Structures are given as C-alpha cells and as structure tokens.
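Down below is the structure, laid out as structure tokens.
Quick note: numbers below take in every heavy atom, side chains included, and nothing from hydrogens, waters or symmetry partners. Not measured: the values here are computed from a predicted model.
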Amino acid sequence: MRDVNAPHFSTKERILGAAETLFARHGFAGASLRQVTAAAHVNLAAVNYHFGSKDNLIEEVFRRRLDELNARRLDALAIAMAPDSPSLDDVLGAFIRPALELSLDHGGGHAFMRVLARAYAEHDERLRRFLSDNYGHVLREFAAAFGRLLPHLDKEELYWRLEFITGALTHSMADF
C-alpha cells in the first residue's frame, strides 16, 4: 500500500490522495480544504497553486483515475467488438472488468470508487456536467455497442439499463 503522504510523492499527489480519501469518507461538501491541507501536510497556498479552487481539485481527483479507467474500457471494448459476432458478455466485461480492477487497487482505487459513488448520490450539477462533458463519450460508445447487440431495445430502455449497470457497479464496488 503506497503512502501518498510520504516525502517522495509530489505535493500535488499528496493533495490529490488526501482529497480522494476525504471526499470518499465525507463527501464533496463535507470535506473542507482545511481538512485536505492538514491530511496532505501542505498549506492552503499549495492547493490554490496546483488547483485554483476546490471545484478544480474535485475535477482533478476524477481525471486522475477516470482517464486511465476509461482508456482501459475503450481498449477492451474495441477488442470485444472486433469479432464478426461480438458477444454481450464480452462487452459487459469490457465495461465492468477495468472498474473492478480499479476497485481492488490498494493505491487509492477503492477510495476512488467511493468518490465515484458519491458523485452519483450527491446531486451536484457542476460535477455532473464535468463528468458528462469529459467522460460521456465512453458511455455513448458502450451504448452504441449494446444497441448493436440488442437491436430489439429502444434507446430509452437501453439508456436505463446502462444507467442501472453503472449505478449498481459503482455502488457495489464502493462498499458502502
């Protein structure tokens, strides 16, 4: 297990690790910048220097994990869709496996899954817009793949099934 407060981690990494842990534990509104700076052993100026605001810090916590997670999902989806007859199980696996592997990562992946679950539970429109603008394309790619494999479902039914899978996956891996 890596200690992000160890001296060899950059100030930015220490702040991100502390924020991720505190957001997982207390939510976005419940974790103050003062708590983050204390846990990261930095001053408020360091947070302002690296992130500018709490909203930007929250977005960077998501970017740090979601960029890699979604790249792995899209790579797995491309492999799953390559055969002439792709299987529903392989496409589901392409969506689920990378997230499951992240949740088992003791370097903060488990805490991040709790942060992600909080994003679903807390109705923060700014955060939802950020996630949709930056990561919505991944869900659209999966929706298109599922639509190809399940042509009998209309778009609304497909949307709700994907939303259910995403929510159930996130909630179960967050271990609330």
Side-chain angles (χ1 to χ4, degrees), residues 16-17 19-31 51 53-176:
L16 287 168
E20 182 176 76
T21 299
L22 290 167
F23 294 154
R25 199 174 294 150
H26 304 292
F28 305 109
F51 305 102
S53 69
K54 185 176 180 182
D55 286 337
N56 291 343
L57 172 60
I58 291 168
E59 289 175 6
E60 194 61 33
V61 165
F62 280 96
R63 270 193 194 95
R64 179 170 81 144
R65 304 261 186 217
L66 285 180
D67 287 354
E68 181 183 342
L69 171 63
N70 285 320
R72 292 179 61 214
R73 279 178 163 164
L74 291 174
D75 288 346
L77 179 61
I79 293 167
M81 294 302 288
D84 289 337
S85 299
S87 82
L88 183 59
D89 285 347
D90 288 342
V91 173
L92 276 170
F95 187 75
I96 293 170
R97 255 190 305 290
L100 181 58
E101 290 166 0
L102 176 61
S103 75
L104 297 174
D105 171 17
H106 295 292
H110 181 73
F112 178 72
M113 294 312 294
R114 291 180 66 94
V115 170
L116 194 54
R118 286 199 179 273
Y120 272 92
E122 296 180 16
H123 298 287
D124 181 331
E125 284 306 312
R126 185 179 188 283
L127 179 56
R128 286 179 186 242
R129 187 171 41 258
F130 165 78
L131 292 172
S132 177
D133 290 349
N134 290 278
Y135 302 103
H137 69 283
V138 176
L139 287 179
R140 287 189 293 276
E141 291 283 332
F142 275 92
F146 287 127
R148 181 174 159 204
L149 296 171
L150 302 166
H152 59 283
L153 296 179
D154 64 38
K155 283 187 177 193
E156 185 175 358
E157 179 71 18
L158 198 57
Y159 166 83
W160 283 112
R161 287 185 184 197
L162 190 54
E163 185 72 16
F164 178 75
I165 290 168
T166 303
L169 177 66
T170 303
H171 183 77
S172 64
M173 288 187 301
D175 195 28
F176 279 122

Checklist entry - Any side-chain heavy atom of Val138 within less than 4.5 Å of one from Leu77? => result no
Checklist outcome for this item: Closest heavy-atom pair, Thr170 versus Met113, reported as atoms and distance to 0.1 Å, is CG2-O, 4.0 Å
Item to check | Pair Glu141-Phe95, side-chain contact (heavy atoms from CB on, under 4.5 Å): steps then yes or no | outcome: CA-CA 10 Å; Glu141 291 283 332; Phe95 187 75; over 6 Å; no
Next on the checklist: With side-chain contact (heavy atoms from CB on, under 4.5 Å) as the criterion, how do Leu127 and Asp55 come out once you've worked through the C-alpha distance, each side chain's angles and the decisive distance to 0.1 Å?
Outcome noted: CA-CA 8 Å; Leu127 179 56; Asp55 286 337; over 6 Å; no
Next on the checklist: Are the side chains of His137 and Leu74 in contact, using a 4.5 Å heavy-atom criterion?
Outcome noted: yes
Checklist entry - Going by the angle between their ring planes, with limits at 30° and 60°, are Phe62 and Phe28 parallel, tilted or perpendicular? => result tilted
Next on the checklist: Set out, in order, the CA-CA distance, both residues' side-chain angles and the distance that settles side-chain contact (heavy atoms from CB on, under 4.5 Å) for Tyr135 and Leu69, then state yes or no.
Outcome noted: CA-CA 10 Å; Tyr135 302 103; Leu69 171 63; over 6 Å; no
Checklist outcome for this item: Tightest non-hydrogen contact, residues Pro83 and Ala80, listed as CD-O, 3.3 Å
Checklist entry - Taking all non-hydrogen atoms of both residues, which atom of Leu158 and which atom of Ala143 are closest, and how far apart? => result CD2-O, 3.4 Å
Next on the checklist: With a 4.5 Å cut-off on side-chain heavy atoms, are Val115 and Thr21 touching?
Outcome noted: no
Next on the checklist: Any side-chain to backbone donor/acceptor pair from Arg114 onto Phe23? Under 3.5 Å, distance only.
Outcome noted: no
Item to check | Distance, nearest 0.5 Å, that separates CG of Leu169 from CZ of Phe164 | outcome: 11.0 Å
Next on the checklist: Show the nearest heavy-atom pair for residues Arg118 and Ala24, with the distance to one decimal.
Outcome noted: NE-O, 2.9 Å
Checklist entry - Out of curiosity, Ser172 OG to Leu100 CG, how far, rounded to the nearest 0.5 Å? => result 8.5 Å
Checklist outcome for this item: Looking only at heavy atoms, the pair that brings Glu122 and Gly27 closest together is OE2-CA, 3.3 Å
Checklist entry - Which heavy-atom pair separates Phe142 from Val91 by the least distance, and what is that distance? => result CE2-O, 3.6 Å
Checklist entry - If we only count heavy atoms from C-beta on, is the Asn70 to Arg73 side-chain gap below 4.5 Å? => result yes
Checklist entry - Taking the side chain as C-beta and beyond, is there a heavy-atom pair between Phe146 and Leu92 under 4.5 Å? => result yes
Checklist entry - If you round to the nearest 0.5 Å, how far is CZ of Phe130 from CD of Glu59? => result 4.5 Å
Next on the checklist: Are Glu157 and His152 packed together at the side-chain level, in the sense that at least one heavy-atom pair is separated by less than 4.5 angstrom?
Outcome noted: no
Checklist entry - Could you state the interatomic distance from CG (Asn134) to CZ (Arg129), rounded to the nearest 0.5 Å? => result 11.5 Å
Checklist outcome for this item: OH (Tyr159) and CG (Leu139) are apart, to the nearest 0.5 Å, by 9.0 Å
Checklist entry - Does the pair Arg64/Glu60 count as a salt bridge with the N-to-O cut at 4.0 Å? => result no
Checklist outcome for this item: Rounded to the nearest 0.5 angstrom, the CG-NE2 distance for Asp105 and His110 is 11.0 Å
Checklist entry - Would you say the side-chain atoms of Ser132 pair up with the backbone N or O of Arg128, donor to acceptor, closer than 3.5 Å? => result no
